[in-house]
Novice: 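There's a structure below that I have some questions on.
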Amino acid sequence: MKPLPPDFYMRDVDLVARDLIGTTLQIDGVGGVIVETESYDMADPASHSFAGRTPRNAAMFGPVGHAYVYRIYGLHHCLNIVCGEPGSAVLIRAIEPLYGIERIRARRGLAMRERDLCAGPGRLCEALEIDLALDGVSLSAPPFEMAERSETPPIVAGPRIGITRGAERMRRFGWKGSPWLSRPFPKNHTAMQQY
DNA sequence: CGGATGATCAACT
DNA sequence: GTTGATCATCCGC
(Lines give C-alpha, C1' and ligand atoms only; values in the text may rest on other atoms or scores of the structure.)
Protein backbone atom coordinates (compact mmCIF):
# COMPACT_ATOMS: atom_id res chain seq x y z
CA MET A 1 0.00 0.00 0.00
CA LYS A 2 1.23 3.47 -0.91
CA PRO A 3 1.40 6.02 1.92
CA LEU A 4 -0.66 9.20 1.60
CA PRO A 5 1.49 12.13 0.36
CA PRO A 6 2.32 14.72 3.06
CA ASP A 7 0.37 17.46 1.25
CA PHE A 8 -2.79 15.35 1.12
CA TYR A 9 -4.32 17.29 4.01
CA MET A 10 -3.11 20.69 2.78
CA ARG A 11 -6.37 21.42 0.98
CA ASP A 12 -9.95 22.48 1.58
CA VAL A 13 -11.25 20.46 4.52
CA ASP A 14 -14.39 19.32 2.66
CA LEU A 15 -12.29 17.92 -0.18
CA VAL A 16 -10.00 16.14 2.26
CA ALA A 17 -12.98 14.67 4.09
CA ARG A 18 -14.35 13.37 0.79
CA ASP A 19 -11.01 12.02 -0.42
CA LEU A 20 -10.29 10.22 2.84
CA ILE A 21 -13.14 7.82 2.05
CA GLY A 22 -11.49 4.64 0.82
CA THR A 23 -8.07 5.32 2.34
CA THR A 24 -6.63 2.96 4.93
CA LEU A 25 -5.98 3.92 8.55
CA GLN A 26 -3.88 1.73 10.84
CA ILE A 27 -2.35 2.05 14.28
CA ASP A 28 0.22 -0.56 15.23
CA GLY A 29 -1.16 -2.75 12.46
CA VAL A 30 -4.76 -2.40 13.64
CA GLY A 31 -7.33 -0.65 11.45
CA GLY A 32 -9.06 -0.71 8.09
CA VAL A 33 -10.63 1.36 5.32
CA ILE A 34 -12.23 4.69 6.21
CA VAL A 35 -15.89 4.68 5.14
CA GLU A 36 -17.30 7.76 6.93
CA THR A 37 -16.01 11.27 7.76
CA GLU A 38 -17.20 14.76 8.69
CA SER A 39 -15.60 18.16 8.12
CA TYR A 40 -15.31 21.07 10.56
CA ASP A 41 -13.75 24.53 10.42
CA MET A 42 -13.63 27.84 12.29
CA ALA A 43 -16.65 29.31 10.49
CA ASP A 44 -18.77 26.39 11.74
CA PRO A 45 -20.81 26.85 14.96
CA ALA A 46 -20.60 23.09 15.52
CA SER A 47 -16.80 23.09 15.44
CA HIS A 48 -14.63 23.05 18.56
CA SER A 49 -12.51 25.71 16.84
CA PHE A 50 -15.46 28.09 16.33
CA ALA A 51 -14.63 30.18 19.42
CA GLY A 52 -10.93 30.27 18.62
CA ARG A 53 -7.92 28.48 19.98
CA THR A 54 -8.15 26.96 23.47
CA PRO A 55 -6.05 24.39 25.37
CA ARG A 56 -8.33 21.56 24.25
CA ASN A 57 -8.43 22.36 20.54
CA ALA A 58 -4.81 23.51 20.21
CA ALA A 59 -4.03 20.60 17.89
CA MET A 60 -6.58 21.96 15.39
CA PHE A 61 -4.27 24.95 14.96
CA GLY A 62 -1.11 22.83 14.95
CA PRO A 63 0.73 20.91 12.23
CA VAL A 64 -1.32 19.73 9.25
CA GLY A 65 -1.79 15.97 9.05
CA HIS A 66 -1.58 15.52 12.80
CA ALA A 67 -4.30 14.14 15.07
CA TYR A 68 -6.78 16.12 17.10
CA VAL A 69 -8.14 13.74 19.75
CA TYR A 70 -10.65 14.77 22.41
CA ARG A 71 -12.80 13.12 25.08
CA ILE A 72 -16.54 13.26 24.61
CA TYR A 73 -19.29 12.72 27.20
CA GLY A 74 -16.61 11.69 29.67
CA LEU A 75 -16.56 8.19 28.19
CA HIS A 76 -15.40 8.13 24.59
CA HIS A 77 -12.76 9.63 22.34
CA CYS A 78 -12.98 11.09 18.83
CA LEU A 79 -10.21 11.19 16.22
CA ASN A 80 -9.75 14.09 13.77
CA ILE A 81 -7.08 14.82 11.18
CA VAL A 82 -5.96 18.47 11.01
CA CYS A 83 -6.17 20.15 7.58
CA GLY A 84 -4.56 23.14 5.90
CA GLU A 85 -6.89 25.94 6.95
CA PRO A 86 -6.13 26.75 10.63
CA GLY A 87 -8.86 25.38 12.89
CA SER A 88 -10.12 22.89 10.29
CA ALA A 89 -10.16 19.10 10.70
CA VAL A 90 -11.83 15.91 9.50
CA LEU A 91 -13.60 13.68 12.03
CA ILE A 92 -13.12 9.99 11.30
CA ARG A 93 -16.51 8.41 12.02
CA ALA A 94 -16.25 4.80 10.82
CA ILE A 95 -13.91 2.27 9.23
CA GLU A 96 -14.29 -1.20 7.78
CA PRO A 97 -12.15 -3.29 10.16
CA LEU A 98 -9.62 -5.33 8.18
CA TYR A 99 -6.40 -5.61 10.17
CA GLY A 100 -5.82 -6.81 13.73
CA ILE A 101 -9.38 -8.09 14.16
CA GLU A 102 -8.38 -10.15 17.18
CA ARG A 103 -7.08 -7.10 19.02
CA ILE A 104 -10.15 -5.12 18.01
CA ARG A 105 -12.42 -7.83 19.35
CA ALA A 106 -10.46 -8.03 22.58
CA ARG A 107 -11.01 -4.30 23.12
CA ARG A 108 -14.59 -4.03 21.87
CA GLY A 109 -15.96 -7.29 23.25
CA LEU A 110 -15.90 -10.84 21.99
CA ALA A 111 -19.66 -10.92 21.45
CA MET A 112 -19.75 -7.60 19.58
CA ARG A 113 -21.48 -7.79 16.23
CA GLU A 114 -18.97 -7.49 13.41
CA ARG A 115 -20.67 -4.45 11.92
CA ASP A 116 -20.59 -2.57 15.26
CA LEU A 117 -16.85 -2.97 15.89
CA CYS A 118 -15.81 0.36 14.32
CA ALA A 119 -19.14 1.98 13.31
CA GLY A 120 -18.98 5.34 15.08
CA PRO A 121 -16.26 7.76 16.23
CA GLY A 122 -16.25 6.50 19.82
CA ARG A 123 -16.34 2.84 18.84
CA LEU A 124 -13.56 3.38 16.34
CA CYS A 125 -11.32 4.95 18.96
CA GLU A 126 -11.95 2.12 21.41
CA ALA A 127 -11.19 -0.47 18.73
CA LEU A 128 -7.93 1.23 17.75
CA GLU A 129 -7.06 2.22 21.34
CA ILE A 130 -6.96 5.95 20.54
CA ASP A 131 -6.94 8.31 23.51
CA LEU A 132 -5.63 11.74 24.56
CA ALA A 133 -2.06 10.43 24.48
CA LEU A 134 -2.31 10.61 20.67
CA ASP A 135 -3.56 14.22 20.57
CA GLY A 136 -1.23 16.20 18.31
CA VAL A 137 0.59 13.13 16.97
CA SER A 138 1.41 12.87 13.24
CA LEU A 139 -0.67 10.49 11.14
CA SER A 140 2.26 10.08 8.73
CA ALA A 141 4.57 8.22 11.10
CA PRO A 142 4.37 5.25 13.49
CA PRO A 143 2.32 4.18 15.32
CA PHE A 144 -0.01 5.61 12.65
CA GLU A 145 -0.02 4.58 9.00
CA MET A 146 -2.20 6.08 6.28
CA ALA A 147 -2.41 4.49 2.82
CA GLU A 148 -3.94 5.48 -0.51
CA ARG A 149 -7.11 4.04 -1.97
CA SER A 150 -6.92 0.74 -3.76
CA GLU A 151 -10.15 1.52 -5.59
CA THR A 152 -12.34 4.58 -6.22
CA PRO A 153 -15.45 4.35 -4.04
CA PRO A 154 -18.91 5.77 -4.78
CA ILE A 155 -19.35 8.65 -2.32
CA VAL A 156 -22.43 10.29 -0.83
CA ALA A 157 -22.79 13.43 1.29
CA GLY A 158 -25.39 14.27 3.92
CA PRO A 159 -26.06 16.24 7.10
CA ARG A 160 -23.76 15.60 10.04
CA ILE A 161 -24.71 13.48 13.04
CA GLY A 162 -25.13 14.44 16.68
CA ILE A 163 -24.52 18.17 16.45
CA THR A 164 -26.86 20.67 18.09
CA ARG A 165 -25.76 24.05 16.79
CA GLY A 166 -24.54 23.44 13.28
CA ALA A 167 -26.76 24.11 10.31
CA GLU A 168 -27.70 21.13 8.19
CA ARG A 169 -24.80 21.56 5.86
CA MET A 170 -23.82 18.52 3.82
CA ARG A 171 -20.52 17.93 5.57
CA ARG A 172 -20.82 14.21 6.29
CA PHE A 173 -19.27 11.94 3.67
CA GLY A 174 -19.55 8.19 3.26
CA TRP A 175 -18.94 5.17 1.08
CA LYS A 176 -22.27 4.73 -0.63
CA GLY A 177 -24.00 1.54 0.47
CA SER A 178 -21.25 0.46 2.86
CA PRO A 179 -22.46 -1.86 5.64
CA TRP A 180 -19.83 -0.34 7.94
CA LEU A 181 -21.38 3.15 8.31
CA SER A 182 -22.36 4.37 11.78
CA ARG A 183 -25.79 5.15 10.31
CA PRO A 184 -27.32 5.09 6.84
CA PHE A 185 -27.46 8.34 4.89
CA PRO A 186 -30.86 10.04 4.40
CA LYS A 187 -32.85 8.82 1.44
CA ASN A 188 -32.66 12.09 -0.50
CA HIS A 189 -28.89 12.28 -0.23
CA THR A 190 -26.73 14.09 -2.73
CA ALA A 191 -24.91 11.63 -4.92
CA MET A 192 -21.40 12.85 -5.64
CA GLN A 193 -19.81 11.84 -8.91
CA GLN A 194 -16.09 12.14 -9.18
CA TYR A 195 -13.16 10.97 -11.27
C1' DC B 1 -37.80 -2.45 15.38
C1' DG B 2 -37.64 3.08 17.70
C1' DG B 3 -37.13 6.28 21.53
C1' DA B 4 -35.37 7.27 26.19
C1' DT B 5 -31.71 7.06 29.56
C1' DG B 6 -27.62 6.90 32.38
C1' DA B 7 -22.66 6.71 32.47
C1' DT B 8 -18.66 10.07 33.50
C1' DC B 9 -15.09 13.89 32.76
C1' DA B 10 -12.19 17.62 30.55
C1' DA B 11 -12.95 21.91 29.12
C1' DC B 12 -15.42 25.85 29.24
C1' DT B 13 -18.41 29.90 31.47
C1' DG C 1 -22.11 24.62 37.53
C1' DT C 2 -22.97 23.15 32.73
C1' DT C 3 -22.10 20.87 28.49
C1' DG C 4 -21.29 17.71 24.93
C1' DA C 5 -18.85 15.96 17.02
C1' DT C 6 -21.37 9.09 22.01
C1' DC C 7 -22.64 4.41 23.20
C1' DA C 8 -24.89 0.34 25.35
C1' DT C 9 -28.84 -0.94 27.41
C1' DC C 10 -33.52 -0.97 28.72
C1' DC C 11 -38.39 -0.51 27.68
C1' DG C 12 -42.59 -0.40 24.91
C1' DC C 13 -44.58 -1.44 20.66
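Here the structure is a predicted model, which is why all the values come from computation and not from measurement. Just so we're on the same page: letters track the sequence lines, and every chain starts at 1.
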Novice: Below 4.0 angstrom from OP1 or OP2 of C:dA8, is there any side-chain N or O of A:R123?
Specialist: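 Yes.
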Novice: Please figure out whether A:L132 or A:L75 has its closest DNA chain B nucleotide nearer the 5' end.
Specialist: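 That would be A:L75.
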Novice: What does A:G122 touch in the nucleic acid at a heavy-atom separation under 4.0 angstrom: a base, only the sugar-phosphate, or nothing?
Specialist: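 Touches sugar-phosphate only.
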Novice: Rounded to whole angstrom units, what separation is found between the OH atom of A:Y73 and the P atom of C:dT2?
Specialist: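 Taking OH of A:Y73 and P of C:dT2, I get 17 Å after rounding.
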Novice: Could you pick out which residue, A:E126 or A:G162, lies toward the 5' side of DNA chain C when each is mapped onto its nearest nucleotide?
Specialist: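 It is A:G162 whose nearest nucleotide is closer to the 5' end.
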Novice: Output the rounded distance in Å from CZ (A:R71) to C1' (B:dC9).
Specialist: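 For the pair A:R71 CZ and B:dC9 C1', the rounded distance is 6 Å.
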Novice: Mind checking if A:R108 touches a base, just sugar-phosphate, or nothing, with heavy atoms under 4.0 Å?
Specialist: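 Sugar-phosphate: the residue A:R108, judged by heavy atoms under 4.0 Å, touches backbone atoms but no base.
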Novice: Rounding to the closest angstrom, what is the interatomic distance between C:dA8 and B:dA10 at atom C1'?
Specialist: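 Rounded to whole Å, the distance is 22 Å.
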Novice: Nearest whole angstrom, please: distance from the P of C:dA5 to the CG of A:L79.
Specialist: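 Atom-to-atom, A:L79 to C:dA5, this comes out as 16 Å.
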Novice: How close or far is atom P of B:dG6 from atom NE2 of A:H76, stated in whole angstroms?
Specialist: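 Between P of B:dG6 and NE2 of A:H76: 15 Å.
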Novice: Is there aromatic stacking of A:Y70 on C:dA5 here, judged by a ring-centre distance under 5.5 Å and a plane angle under 30°?
Specialist: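 The base of C:dA5 is not stacked with A:Y70 (the test needs centres under 5.5 Å and planes under 30°).
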Novice: Take the protein atom CZ of A:R113 and the nucleotide atom C1' of C:dC7, then report the distance between them rounded to whole Å.
Specialist: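 A:R113 atom CZ is separated from C:dC7 atom C1' by 13 Å.
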Novice: Donor-acceptor pair, distance only, cut-off 3.5 Å: does the side chain of A:R11 make one with the backbone of A:G84?
Specialist: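 No: the side chain of A:R11 does not pair with the backbone of A:G84.
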Novice: Measure from CZ on A:F173 to C1' on C:dA5 and round the result to the nearest Å.
Specialist: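 These atoms are roughly 15 Å apart.
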Novice: Tell me which nucleotide, if any, is Watson-Crick or G-U wobble paired with B:dG6 when both distances must be under 3.5 Å.
Specialist: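 Paired with B:dG6, as far as the under-3.5 Å criterion goes, is C:dC7.
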Novice: How about A:N57 and A:S49: does a side-chain donor come under 3.5 Å of a side-chain acceptor?
Specialist: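 Distance-only check fails for A:N57 and A:S49.
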Novice: With a 3.5 Å distance limit and no angle check, can you tell me whether A:S88 reaches the backbone of A:E85 through a side-chain donor-acceptor pair?
Specialist: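 Yes, because the side chain of A:S88 sits within donor-acceptor range (under 3.5 Å) of the backbone of A:E85.
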Novice: Using whole Å, what does the distance between atom C1' of nucleotide C:dG4 and atom CG of A:N57 come to?
Specialist: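 So the CG-C1' distance, A:N57 to C:dG4, works out to 15 Å.
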Novice: Looking at A:R108 and A:I104, would you say the former's side chain and the latter's main chain have a donor-acceptor pair under 3.5 Å?
Specialist: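 Side chain of A:R108 to backbone of A:I104: no pair is present.
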Novice: Measure NE2/A:H77 against C1'/C:dC7 and give the value in whole Å, please.
Specialist: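 Roughly 13 Å, once rounded to whole Å.
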Novice: If we ignore hydrogens and angles and just use 3.5 Å, is the side chain of A:T37 paired with the main-chain N or O of A:A17 as donor and acceptor?
Specialist: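 At least one qualifying donor-acceptor pair exists.
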